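Here's the structure, in structure tokens; my notes come after.
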Amino acid sequence: MSFQQGLSGLNGAAKSLDVIGNNIANSSTVGFKGSNTQFADVYARSLNGAGATQAGIGVSVAAIAQQFTQGNIETTANPLDIAINGAGFFRTEISGTVQYTRNGQFSLDKNGYIVTPQGANVTGYGVSPNGQILASTPAPLKISTADMKPVATTKVDTSINLDSRETAPTNFPFNANDATTYNKQVPVSVYDTLGNEHTMSMFYVKTGSGTWDVYAGADGTELTNVNVAKAATGNAAAQTARDAWTAATKASPQDPAAIAAALAGYAAAASAAVSGAAGTAGATAATVTAIQTAATDAGNTAGYTPDQVDKDIAAAVSVPSVPIGTLKFDSNGALSAALMSPQTLPLAVTFPVYPATGAKETLSIKLGFNGSTQYGSDTSEKLTTQDGYKPGHLQRFSAAADGTLLGQYSNGQTKALGQVVLANFTNAGGLEPIGNNSWAETSASGTPLLGTAGTGGFGVLQSSATEASNVDLTAELVNMITAQRVYQANAQTIKTQDSVLQTLVNLR
């Protein structure tokens, strides 16, 4: 026996206690991976190799191996906290250096970038303007707080059952303001190019066995009547008269007589435009007279504006309504393309935006009826959808299981803001721990394999959650007791060797 074995044992036990102490200290560190100490025996070697009768000269620390087992997933209140459940590391960049971590405690910096508590940028894939993920070289992820732009409605799909037992209305012709002239009305919100909301109504009028006329309305008024009422909008003479009124109101000093004359001039021009359109649409002489009278009265009302003149004229418009199409059902209650020929679905609707909002004056909308039926049950709307929406502000965001960052907007829409990228290694144990819950790539770990959560062996992500340390505190306390006993035993071997030497010294 020599002091070498005991000394090496003391060093080994001390290193083991260091590792255990570090594990215990980080038992509450998010994303921490515990380590264990691996030992190797030591033998003296000669040119002829170690002899079979050698006792060995002690122990050495072969490695301190980190254990990349899964930690418990704990929920949090921060939507930017993200936990990895399975394999993979978050890829981060700080000062141009790429690092890897399992700590998903993220936040936004002042510039909107997603960062770790140490200020490292979380990397991933960006998005195109329409929210499509652009898979390319990972770059720092930034949450855009820009408003979502409005999208004008281009398509409306409605699924409805029309009661085959109903009869044609006894009051006719159709009048959107008279519920006795139609069987069913179904309203749906649509949006113009500026995101202004309008109400598009579909009116169903039964005209025969299995046959229904469909009329459409814009903000409570049937489309043909709206198109007549807005005739002054595109009329050159009316626009010139409106400009003259605007100029008169801006004059300094103002001339009330000039303003009144300009208003009367606009009313006359608008009356001519709307009266002409009404006559073309089949209006009666009484309706034309009513339009002209309303225009004259409005034009002579002090304090009125051209918009108020337009409103009074529109109230006097009453022309025959025109259906946008006819639905025909077969004997099984299904829509029949053959019976509706040459008319085809979806129906084309030219939806007027009036009064003008500054948006595009008309919306071209395709109106579909997929799944509509005519059965012997109450008329009921089953589902109506449309593809437009108003502008929206970013209210909150969260991460999906595949790492896609989803922004939720005040208009009810959801859009991708980016996607978190994960990295994995052939030998994760070869990574170099560099502190701050991070590791660096080494030759032993191999090059990183990049991908997205849920694919290629990568784990999935959970938003508003973190991965707790994988340290088993109870096991570490037991290991500490064992390491302490090992340290004491090695100290005892040194003490025994000292006693032996003392005995030799005392020989005479």
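Everything numeric in this text was worked out from a predicted model, so none of it was measured.
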Check whether [X] reaches the backbone of [Y] with its side chain - one donor and one acceptor, N or O, closer than 3.5 Å.
X: T240; Y: A236; result: yes
X: T224; Y: S321; result: no
X: D255; Y: A257; result: yes
X: S372; Y: I160; result: yes
X: Q419; Y: Y125; result: no
X: N470; Y: Q70; result: no
X: N300; Y: T296; result: yes
X: S336; Y: L339; result: yes
X: N103; Y: N437; result: no
X: S438; Y: N436; result: yes

Does any donor atom in the side chain of [X] or [Y] lie under 3.5 Å from an acceptor atom in the other side chain?
X: E74; Y: T466; result: no
X: T181; Y: N171; result: no
X: S164; Y: Q374; result: no
X: T76; Y: N78; result: no
X: N26; Y: S469; result: no
X: E166; Y: N183; result: yes
X: D163; Y: T379; result: no
X: S463; Y: S398; result: no
X: Q292; Y: T289; result: no

Search all heavy atoms of [X] against all heavy atoms of [Y] and return the closest pair with its distance.
X: T404; Y: A416; answer: CG2-CB, 3.8 Å
X: A294; Y: A316; answer: CB-CB, 4.0 Å
X: P306; Y: L263; answer: N-CD1, 4.0 Å
X: A295; Y: S271; answer: CB-CB, 3.4 Å
X: L406; Y: A400; answer: CD1-CB, 4.2 Å
X: I114; Y: L405; answer: CD1-CD1, 3.4 Å

Applying salt bridge (Lys or Arg N to Asp or Glu O under 4.0 Å), can you list everything that pairs with E467, at least two apart in sequence or on another chain?
K33, R102
Who passes ring pair (Phe, Tyr, Trp, His ring centres under 6.0 Å) against [X], sequence neighbours left out?
X: Y100; value: F425
X: F203; value: F174, Y182
X: Y304; value: none
X: F458; value: none

Check this for me: does any side-chain nitrogen of one of D213 and K206 sit under 4.0 Å from a carboxylate oxygen of the other?
no
Taking the basic N atoms (NZ, or NE/NH1/NH2) and the acidic carboxylate oxygens, is any pair closer than 4.0 Å for D310 and R242?
yes
More than 12 non-hydrogen atoms from neighbouring residues, nucleotides or ligands closer than 6.0 Å to CG on N72, yes or no?
no
Any chance NZ of K382 has more than 12 other-residue heavy atoms, nucleotides or ligands included, within less than 6.0 Å?
yes
Sub-4.5 Å side-chain heavy-atom contact between [X] and [Y]:
X: Y354; Y: T233; result: yes
X: L450; Y: R91; result: yes
X: Y204; Y: V186; result: yes
X: L422; Y: L461; result: yes
X: V98; Y: T92; result: no
X: T180; Y: T170; result: no
X: S377; Y: N161; result: yes
X: V353; Y: T362; result: no

Hey, mind stepping through Q462 and I82 against side chain to side chain contact (heavy atoms under 4.5 Å, CB included) and telling me if it holds?
CA-CA 6 Å; Q462 183 175 336; I82 305 175; over 6 Å; no
Which pairs pass salt bridge (Lys or Arg N to Asp or Glu O under 4.0 Å) with one or both residues in residues 133-159, sequence neighbours excluded?
none
Criterion side chain to side chain donor-acceptor pair (under 3.5 Å) on T284 and T287, from CA distance to verdict
CA-CA 5 Å; T284 63; T287 295; 3.1 Å; yes
Stepwise ring pair (Phe, Tyr, Trp, His ring centres under 6.0 Å) check, F106 with F90
CA-CA 11 Å; F106 302 141; F90 297 111; 5.0 Å; yes
Apply side chain to side chain contact (heavy atoms under 4.5 Å, CB included) to residues T158 and F369 and explain how you reach the verdict.
CA-CA 5 Å; T158 185; F369 294 90; 3.5 Å; yes
Apply side chain to side chain donor-acceptor pair (under 3.5 Å) to N121 and E93, showing your working.
CA-CA 5 Å; N121 291 104; E93 291 182 4; over 6 Å; no
Test T154 against D387 for side chain to side chain donor-acceptor pair (under 3.5 Å), laying out the working first.
CA-CA 7 Å; T154 61; D387 61 351; 2.5 Å; yes
Distance col, row K366:NZ vs T153:OG1, nearest 0.5 angstrom, shows 14.0 Å
May I have the step-by-step check of side chain to side chain donor-acceptor pair (under 3.5 Å) for Q239 and D243, ending in yes or no?
CA-CA 6 Å; Q239 186 58 52; D243 292 341; 3.1 Å; yes
